[in-house]
*Asks:* 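First, the structure itself, so that you have it in front of you.
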Amino acid sequence: MHLAYPAVLSALLFCTGLYGVLARRNAILVLMSVELMLNAVNLNLVAFDVWLSKAARDTLHSGQALTLFTIAIAAAEIGIGLAIVLAVYRNRGTSDIDKLRDTAETGDGPGGDGPDTATPATAEKAEATA
């Protein structure tokens, strides 16, 4: 098999994942797109390792070793990422990335300043961002 086939497939997977990261609003879909990008990199590593090992018989298969390392890192990343997304969803009630950009608390809770008692600096900041 030629090197071009897995390289083109890897490029398509990576571009699909990149589109998902840039265009999606849901945090879980963004994590899935990152995983798709990592799988494209893994495919490239294995394809180039097989292609380079055809020239030399005694190779270390470093591409496959790096792929196993990347899979382990990706598993840890998705576990931590999903835990963070679930914790944010429980606290905020949404996993929409646009709504999560402002992570500061609004002060609507008990003991906090409500929207009626906003300081002038806060009001100016709200006007500037609106």
Side-chain angles (χ1 to χ4, degrees):
M1 180 166 52
H2 295 285
L3 181 63
Y5 298 130
V8 168
L9 179 63
S10 176
L12 289 174
L13 284 173
F14 192 85
C15 290
T16 304
L18 185 64
Y19 173 75
V21 167
L22 296 176
R24 298 294 178 183
R25 301 286 184 234
N26 192 345
I28 295 175
L29 292 178
V30 170
L31 286 175
M32 289 174 59
S33 298
V34 169
E35 290 295 319
L36 194 61
M37 291 169 60
L38 286 173
N39 286 332
V41 170
N42 288 339
L43 178 62
N44 244 350
L45 283 171
V46 170
F48 275 98
D49 181 50
V50 169
W51 184 65
L52 290 174
S53 69
K54 286 182 182 179
R57 290 286 180 196
D58 298 328
T59 59
L60 295 175
H61 296 291
S62 59
Q64 294 177 14
L66 283 173
T67 298
L68 289 175
F69 182 71
T70 307
I71 289 171
I73 295 297
E77 175 258 336
I78 199 68
I80 293 171
L82 281 176
I84 291 171
V85 168
L86 287 174
V88 167
Y89 182 78
R90 286 182 187 154
N91 288 335
R92 300 281 178 125
T94 184
S95 64
D96 189 8
I97 293 176
D98 287 337
K99 293 179 182 176
L100 298 176
R101 290 189 194 269
D102 184 28
T103 58
E105 294 186 18
T106 58
D108 293 336
D113 295 334
D116 300 340
T117 61
T119 62
T122 307
E124 289 175 10
K125 184 178 178 183
E127 285 180 20
T129 59

*Asks:* When rounded to the nearest 0.5 angstrom, what distance separates OH in Y89 from CG in L82?
*Replies:* 14.0 Å
*Asks:* Measure the CZ-CG distance between F14 and L9 for me, rounded to the nearest 0.5 Å.
*Replies:* 14.0 Å
*Asks:* Between P6 and L3, what is the shortest heavy-atom contact and its length?
*Replies:* CD-O, 3.4 Å
*Asks:* What pair of heavy atoms forms the shortest contact from A7 to N44, and how long is it?
*Replies:*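 Nearest heavy atoms, A7 then N44: CA-OD1, 4.1 Å.
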*Asks:* Among the clusters formed by ILVMFWY side chains lying less than 4.5 Å apart, do M32 and V85 turn up in the same one?
*Replies:* yes
*Asks:* Below 3.5 Å, can you tabulate the donor-acceptor pairs from side chains in residues 33-41 to any protein atom, sequence neighbours excluded?
*Replies:*
residue	atom	partner	partner atom	Å
S33	OG	L29	O	3.0
N39	ND2	E35	O	3.3

*Asks:* For a quick test of your reading: what N or O donor-acceptor pairs under 3.5 Å do the side chains of residues 62-73 make, sequence neighbours left out?
*Replies:*
residue	atom	partner	partner atom	Å
Q64	NE2	D49	OD2	3.3
T67	OG1	G63	O	2.8
T70	OG1	L66	O	2.7

